Amino acid sequence: MKDIKWIYAMLVFLLSEAQSTKSENKHAAFNLGSEAILTCSNKTWKDMLFVTWDIHVERNIKSCRIAFNGNGQNEDSCDGKTSLQNTSSSQSYLHIPKFSKDDVGVYKCYSVYKGGTNNYEFNVTITVPPRLSSWLETKDNKMVAVCKAEGGNSAANISWSHSGNVSFLEVIDSQGLFTVESRFELPEGMDTENLTCSIRHPSILGGQKTLALKPKKGYGPWLYILTVVVIIVFLAGVLFFAQKTLLRRCKLSESSPSKSPPTEDVEEVEPYASYVQRVNSIYNSSADLFT
């Protein structure tokens, strides 16, 4: 029933008073956690008849609707976070208190006022600040200045303080974040002290940041020297302990006496003749006692 009322009011007004129609596609980006405001018309409710917002965020398959007319009737099938509000001068706007990734999507608005209509489609995205860096490096015996804005949304814009041979590379990762890199090939003998690059992005305070160019931080030859020293010390330690162990074993083998083969204790056996003579003498002594 509400939809019929909205359609009826729209048709009546368009047939009787509509004189101009304004349609436009727009892009809007908001920082994470910031307040988001979308305006469908600059008209106040003194001239407005109704406004309708159809919202399709990426996290939901179905779209929702928020609508309001000058008679106080409203419709709201969204989650309650997004709402229609009015300024102090009674100008209508769509309000999102804390913008998040869940609010990214397409917002379509349609407003009717005395004298025309507005039809806007907003592609709403979230602003992600990029990581900024700049350095000087040597490539093919040439000095190159590099300026980089990594992992941002939307893509950053890079410019240089000097004109020359400049190249740009823009990459989009799996999360839809942009990395922009600009390389400036320095002419031979150019002084780099006053060379700078400027990065422009919506998330940067003031919209732009200027970076100076410095040699890229590296470990230099000292790392390789230290690595070689560590390897030499390690090998020397291994050889030292191996030699020490071998000498200890040699000394032990020299100091211990050579072992003679084990001897078996053999009971000495008395000769048979001596044994017989000793028995006979014992026998004779015993016979003399009884005679």
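Given the structure is predicted, the values throughout are model-derived calculations rather than measurements.
For Tyr107, there are no ring pair (Phe, Tyr, Trp, His ring centres under 6.0 Å) partners, not counting sequence neighbours. Phe99 is linked by a ring pair (Phe, Tyr, Trp, His ring centres under 6.0 Å) to Phe30, counting only residues two or more places apart in sequence or in another chain. Contacts of Asp54 classified as salt bridge (Lys or Arg N to Asp or Glu O under 4.0 Å), with partners at least two apart in sequence or in another chain: Arg65.
Atom OG of Ser111 and atom CG of Asn118 lie 4.0 Å apart (nearest 0.5 Å). Remark: Cys64 SG to Asp79 CG distance equals 6.5 Å, nearest 0.5 Å. Within the model, atoms CG of Asn141 and CD of Glu188 stand 10.5 Å from one another, a figure rounded to the nearest 0.5 Å. Between Asn194 atom CG and Thr196 atom OG1 the span is 8.5 Å, to the nearest 0.5 Å. To the nearest 0.5 Å, the span separating CG on Asn25 from NZ on Lys108 amounts to 9.0 Å.
The shortest non-hydrogen separation linking Ala212 to Ser134 is O-OG, 2.8 Å. The two residues Lys148 and Trp135 come nearest to each other via the heavy atoms CD-CH2, 4.2 Å.
Between Tyr110 and Phe50, the two ring planes are tilted [angle within 30° to 60°].
Atom CD of Glu24 is surrounded by more than 12 heavy atoms from other residues, nucleotides or ligands within 6.0 Å. Around the NZ atom of Lys81, the shell of radius 6.0 Å holds more than 12 heavy atoms that belong to other residues, nucleotides or ligands.
Two rings, from Trp53 and Tyr93, have their centers 6.0 Å or more apart.
Ion pairing between Glu185 and Lys142 holds under the 4.0 Å rule for side-chain N and carboxylate O. Checked for salt-bridge contact, Arg183 and Glu137 meet the test: a charged N lies under 4.0 Å from a carboxylate O.
For the pair Lys43 and Tyr113, the distance from NZ or CZ to the six-membered ring centre is under 6.0 Å and the angle to the ring normal is within 45 degrees.
Put simply, the side chain of Leu136 does not reach to within 4.5 Å of the side chain of Val144, judged on heavy atoms. Using a 4.5 Å heavy-atom cutoff, the side chains of Ser92 and Leu84 are in contact.
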